[in-house]
Amino acid sequence: MSEKTISGFSKLSKRGKIKWIVENFFKDPDAVTKELASYWHGNAAQQKVLDGFSENTISNFPMPYGVAPNMVINGNTYCVPMVIEESSVVAAASSAAKYWMHRGGFTAEVISTTKIGQVHFIWNGASEKIKTFFDDVKEALLDDVSELTASMEARGGGLKDIELLNFTAEQEGYYQIKAYFETCDSMGANFINSVLEALSKTWAKRINTHDGFDAAEQEVEIVMSILSNYTPDCIVRAAVSCPVSDLDKTLTDEEKLALAKRFETAVKIAHVDSYRATTHNKGIYNGVDAVVLATGNDFRAIEACGHTYASRTGKYKSLSHCEVKDGMFHFWLELPLAIGTVGGLTKLHPMAKRSLDMLGNPNAEELMMIIAATGLAQNFAAIKSLVTTGIQKGHMKMHLLNILSHLEASEKEAELTIAHFKERAISFSGVRTFLDNQRGNPSVKSRVQVTK
Ligand code: MEV
């Protein structure tokens, strides 16, 4: 066995874990030890909270926490917290928010909030027999798990329905109980999974003891019980619209219409071509994920679900739509979003709690609308710049700041570099060359580039 393997790692103290890691995986153990420790939270109690979210933690991984102000949704103004590491995303959301603030803002509505769970099982026998048995015991099954669902029911949610699905044509003996849940302001993963596990047990027990089945039919194999992250009936819609004549005051009427039409074509392309649709939807999730993360929700679940939803017709397509009709520009988005504002990390993570405070402590439906509107804002900003100036202009401007920080430029150097590159193409080597020359010590490589 390699010396780089270990057993009992999780039992080591944090310092012990770091010691083993730096000694085995780094050439500069002291520097790395210091660096890892430098990201520990200054407050030990807060660090303990963060450590509690995961396992084998040795440090924290900071991500920028930004905000997009001026997001007007259904007449309410929000300052939207966004956690994201990509330059331009928060700037784009902010500029789209401000743009639409002057054009009536975003409208949003929650269409449905149903979450799904599944008990997957194998049963060998005549399909009609299990179907009849399920129909006969359905109410009893719901009753069997009522203790677990009672408090969610008291809040207006609960286990709303169950149905038996037969997949035996595709997989021998495979059936599923599909369960429909309402989970109010929580994302509900723990609730759903607990109910499903209880449901699977009582279902198996009822099959095992049913007199109408012979010995073979009394056998059932519960394969697994788990929520589905695909929630096509947990949908929110966000939209913007304005007269084409309001799109850009600096353009002529003809140019305004051309802009609207080109925007519409760009969205249509993302309905035709899955390669473009993937990038288009990625832009939407730049906004969505950033708010999902900032509010302590599960961005992996949200992304997985969104991409399945984008493929629901059998082809992966854009999640947003655009129509230019009767002098009006309409742009909208429908998105599945199973999120919560209670439970999970939402109140435990100190920054997630702050994010929810900043948003006025929304309920889950309000947060769905805020997230969808931010996704639409992001998509609007991306398409608008793609069909006009191109994305790189704004992107590289922001990227220049990262390059400057990487090259440890002083304030004065940064000022000179920004002025120099105002009308020039930005590249890492170009900026380094410029800085090297400013610093009076052009490297060989830089000199070659300068001469070129
Ligand atoms: C970059 O993170 C996102 C975009 O590529 C989205 C798009 O192309 O629509 C700009």
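Being a predicted model, the structure only gives us computed values, none of them experimental. The figures here come from the full heavy-atom set of this structure, side chains too, leaving out hydrogens, waters and symmetry mates. Whatever order the structure lists ligands and atoms in, that order sets their numbers, starting from 1.
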Do [Y] and [X] meet the salt-bridge criterion of a basic N to acidic O distance under 4.0 Å?
{"X": "D161", "Y": "K178", "answer": "no"}
{"X": "K48", "Y": "D51", "answer": "no"}
{"X": "R237", "Y": "E334", "answer": "yes"}

For this session: Hey, could you give me each pair passing side chain to side chain donor-acceptor pair (under 3.5 Å) that has a residue in residues 273-291? Not counting sequence neighbours.
Result: E86-K282, H280-S318, H280-S320, H280-N379, N281-Y316, K282-N286

For this session: Please list all pairs passing the side chain to side chain donor-acceptor pair (under 3.5 Å) test where one or both residues lie in residues 339-353, with sequence neighbours left out.
Result: none

Run through all N or O atoms in ligand 1 and write down each protein N or O closer than 3.5 Å, as a pair with its distance.
residue: ligand 1; atom: 2 (O); partner: E86; partner atom: OE1; Å: 3.4
residue: ligand 1; atom: 2 (O); partner: E86; partner atom: OE2; Å: 2.5
residue: ligand 1; atom: 2 (O); partner: K282; partner atom: NZ; Å: 2.7
residue: ligand 1; atom: 2 (O); partner: N286; partner atom: ND2; Å: 2.9
residue: ligand 1; atom: 8 (O); partner: R276; partner atom: NH1; Å: 2.9
residue: ligand 1; atom: 8 (O); partner: R276; partner atom: NH2; Å: 3.3
residue: ligand 1; atom: 9 (O); partner: R276; partner atom: NH2; Å: 2.8

Exercise. Got a sec, which residues hit side-chain contact (heavy atoms from CB on, under 4.5 Å) with T252, two or more places apart in sequence or on another chain?
Worked result: E254, E255

